[in-house]
Amino acid sequence: MATLTTPPTAVTDPPAAGSSPAVAEPQKVDYMNLPCPIPYEEIHREALMSLKPELFEGMRFDFTKGLNQKFSLSHSVMMGPTEIPSQSSETIKIPTAHYEFGANFIDPKLMLFGRVLTDGRLNARLKCDLTENLTLKGNAQLTHEPHMSHGMFNFDYKGLDYRTQLQLGNGALLGASYIQSVSPHLSLGGEVFWAGQHRKSGIGYAARYNTDKMVATGQVASTGMVALSYVQKVSDKVSLASDFMYNYMSRDVTASFGYDYILRQCRLRGKIDSNGCVAALLEERLNMGLNFILSAEIDHRKKDYKFGFGLTVGE
């Protein structure tokens, strides 16, 4: 008759007196396989989402109609006051209204956007992927006003752990930027530009540190600008942001605090700054392809109050 026996268990000796438990070694950083940073011109993009919402005043209606998978048409009607320059401290506004017609072509390697306004302005944007790593971007604005038309082309090259950009614009404008990842979370970069028409040149430096929970950036330029920003990601739907802007040429200082809150059917963004300006933008999704927008801005120092509402139809 067979008997059942339990298998012997391994007996481990207790740790010697005075010895410490094993500690996991920190993971070594592979500096030959760093992530590719974001473009130099977008290092503040998380902070700008909260601190620079697209505010407007008056009424706005946007309608977009897709003709096929790549081509669509858009119509926009805007009615509201427009500020005009004045030497007095009070803001002078005149009522205006205009209509905008647009055409969009979106392809995986080519995107074209065009806008024509009733006042004669023409805006155009282009993005074309020349290769897997090289992208051409262009934007232009044509107007009947003398010396107000402009255009610019950007050549963006994306490397394994760096990005570089070359800018060419009218008025003998030349610019170049470069940003490099120096660790999995830290990237450093710089830029230079030359405006031949105005005989001005400049150089700037920037740093960006980002993790899953926060983003901190710093930028300084020879033009006198110093910009610092910090974004704390409280959760996947809530972000808090702050920035500090200083110009040592004009001695202007501005600090602001903002938030970005994404709910199930709406998105709320707003800010308050040291100049006494409070702003908020609400985007409410009423139905599939139908959004309602509320915009408000109060400038206590200038006693200027702006309120706007709009509808967006189409995707």
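Atom set for the values below is all heavy atoms of this structure, side chains included, hydrogens, waters and symmetry mates excluded.
Not counting sequence neighbours, the partners of Asp107 by the side-chain hydrogen bond (donor to acceptor under 3.5 Å, both in side chains) test are Lys70. In this view, Lys303 and Tyr305 satisfy the side chain to side chain contact (heavy atoms under 4.5 Å, CB included) rule, not counting sequence neighbours. Considering only residues two or more places apart in sequence or on other chains, Glu284 meets the salt bridge (charged side-chain N to carboxylate O under 4.0 Å, His left out) condition with none of them. Listed by chain and residue number, His198 satisfy the side chain to side chain contact (heavy atoms under 4.5 Å, CB included) test with Lys200 (two or more places apart in sequence, or in another chain). In this structure, Thr143 has no side-chain hydrogen bond (donor to acceptor under 3.5 Å, both in side chains) partners at least two apart in sequence or on a different chain. The side chain to side chain contact (heavy atoms under 4.5 Å, CB included) search around Ser250 returns Asn247, Asp252, not counting sequence neighbours. Under the side-chain hydrogen bond (donor to acceptor under 3.5 Å, both in side chains) criterion, Arg125 pairs with no residue at all, not counting sequence neighbours. In this structure, the salt bridge (charged side-chain N to carboxylate O under 4.0 Å, His left out) partners of Glu283, at least two apart in sequence or on a different chain, are Arg269. Every residue two or more places apart in sequence or in another chain that forms a side-chain hydrogen bond (donor to acceptor under 3.5 Å, both in side chains) with Glu57 is listed here: Lys93.
The pair Arg267-Asp260 meets the salt-bridge criterion, since a charged nitrogen lies less than 4.0 angstrom from a carboxylate oxygen. Salt bridge status for Asp156 with Lys158: absent, with no side-chain N to carboxylate O gap under 4.0 Å.
Centroid-to-centroid, the aromatic rings of Tyr40 and Tyr178 stay 6.0 Å apart or farther.
Between the side chain of Ser274 and the backbone N or O of Ala255 there is at least one donor-acceptor pair closer than 3.5 Å. Checked by atom type and distance alone, the side chain of Gln165 never pairs as donor or acceptor with a backbone atom of Pro39 at under 3.5 Å. Without hydrogens or angle criteria, Ser181 side chain to Leu34 main chain gives no donor-acceptor distance under 3.5 Å. Without hydrogens or angle criteria, Asn170 side chain to Ser149 main chain gives a donor-acceptor distance under 3.5 Å. Under a 3.5 Å cut-off, the side chain of Arg208 and the backbone N or O of Ile43 do form a donor-acceptor pair. Although no hydrogens or angles enter the test, the distance criterion places a donor-acceptor pair under 3.5 Å between the side chain of Gln265 and the main chain of Arg285. Checking side-chain atoms of Thr164 against main-chain N and O of Ser177 turns up a donor-acceptor pair under 3.5 Å.
The number of heavy atoms from other shown groups lying within 6.0 Å of NZ (Lys233) is above 12. Other residues, nucleotides and ligands contribute at most 12 non-hydrogen atoms within 6.0 Å of the CD atom of Glu132. By the 6.0 Å contact criterion, CG on Leu160 is open, its count of non-hydrogen atoms from other residues, nucleotides or ligands being 12 or less.
Screening residues 255-292 for ring pair (Phe, Tyr, Trp, His ring centres under 6.0 Å), with sequence neighbours left out, gives no hits. Sorted by first and then second residue, the pairs that involve residues 97-131 and meet ring pair (Phe, Tyr, Trp, His ring centres under 6.0 Å), not counting sequence neighbours, are His75-Phe101.
For the side-chain contact (heavy atoms from CB on, under 4.5 Å) with Asp129, the lone residue among Leu110, Leu134, Thr135 that qualifies is Thr135.
Using a 4.5 Å cut-off between side-chain heavy atoms of Ile, Leu, Val, Met, Phe, Trp and Tyr, with links allowed through other members, Met214 and Val234 fall into different hydrophobic clusters. At a threshold of 4.5 Å between side-chain heavy atoms, the hydrophobic network of Ile, Leu, Val, Met, Phe, Trp and Tyr places Phe71 and Leu126 in one connected group. Met148 and Leu122 are not part of a single hydrophobic cluster, where members link through side-chain heavy atoms under 4.5 Å apart. No chain of hydrophobic side-chain contacts below 4.5 Å, direct or via other Ile, Leu, Val, Met, Phe, Trp or Tyr residues, connects Leu48 to Leu55. Leu240 is connected to Leu263 through a chain of hydrophobic side-chain contacts under 4.5 Å among Ile, Leu, Val, Met, Phe, Trp and Tyr, so both are in one cluster.
The structure places CG of Asn275 at 7.5 Å from CG of Asp299, a figure rounded to the nearest 0.5 Å. Taking CG of Leu286 as the start and CG of Asn291 as the end, the distance is 7.0 Å to the nearest 0.5 Å. A distance of 9.0 Å separates CG in Asp62 from CG in Leu311, rounded to the nearest 0.5 Å. Atoms CZ and OG, from Arg115 and Ser76 in turn, are 6.5 Å apart once rounded to the nearest 0.5 Å. Put simply, CG on Leu166 and CG on Asn154 are 8.0 Å apart, with the number rounded to the nearest 0.5 Å. Separation of atoms CD1 (Ile272) and OG (Ser256) is listed at 10.0 Å; rounding is to 0.5 Å.
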Please list, one pair per line, the donor and acceptor atoms closer than 3.5 Å that link side chains of residues 217-224 to other protein atoms, with sequence neighbours excluded.
unit_1 : atom_1 : unit_2 : atom_2 : d
Thr217 : OG1    : His44  : ND1    : 2.9
Thr217 : OG1    : Ser229 : OG     : 2.2
Gln219 : OE1    : His44  : NE2    : 2.9
Ser222 : OG     : Ile203 : N      : 2.9
Ser222 : OG     : Ile203 : O      : 3.3

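Classification of the Phe61-Phe63 ring pair by plane angle, with boundaries at 30° and 60°, yields parallel. Using cut-offs of 30° and 60° for the angle between ring planes, the Phe309 and Phe307 rings count as tilted.
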Inset, instruction - For Lys306 and Glu83, run salt bridge (charged side-chain N to carboxylate O under 4.0 Å, His left out): C-alpha distance rounded to whole Å, both residues' side-chain angles, the deciding distance at 0.1 Å, then the answer. - result: CA-CA 11 Å; Lys306 300 178 182 178; Glu83 298 182 6; 2.9 Å; yes
Inset, instruction - Give the C-alpha distance, both sets of side-chain angles, the deciding distance and a yes or no for side chain to side chain contact (heavy atoms under 4.5 Å, CB included) between Phe155 and Leu136. - result: CA-CA 5 Å; Phe155 294 90; Leu136 169 64; 3.6 Å; yes
Inset, instruction - Step by step, work out the salt bridge (charged side-chain N to carboxylate O under 4.0 Å, His left out) result for Lys271 and Glu297. - result: CA-CA 9 Å; Lys271 70 161 189 174; Glu297 183 178 8; 5.6 Å; no
Inset, instruction - Walk me through it: do Met152 and Leu173 pass the test side chain to side chain contact (heavy atoms under 4.5 Å, CB included)? - result: CA-CA 9 Å; Met152 179 177 294; Leu173 176 63; 3.2 Å; yes
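Residues Thr82 and Thr96 have side chains that bring a donor and an acceptor to within less than 3.5 angstrom of each other.
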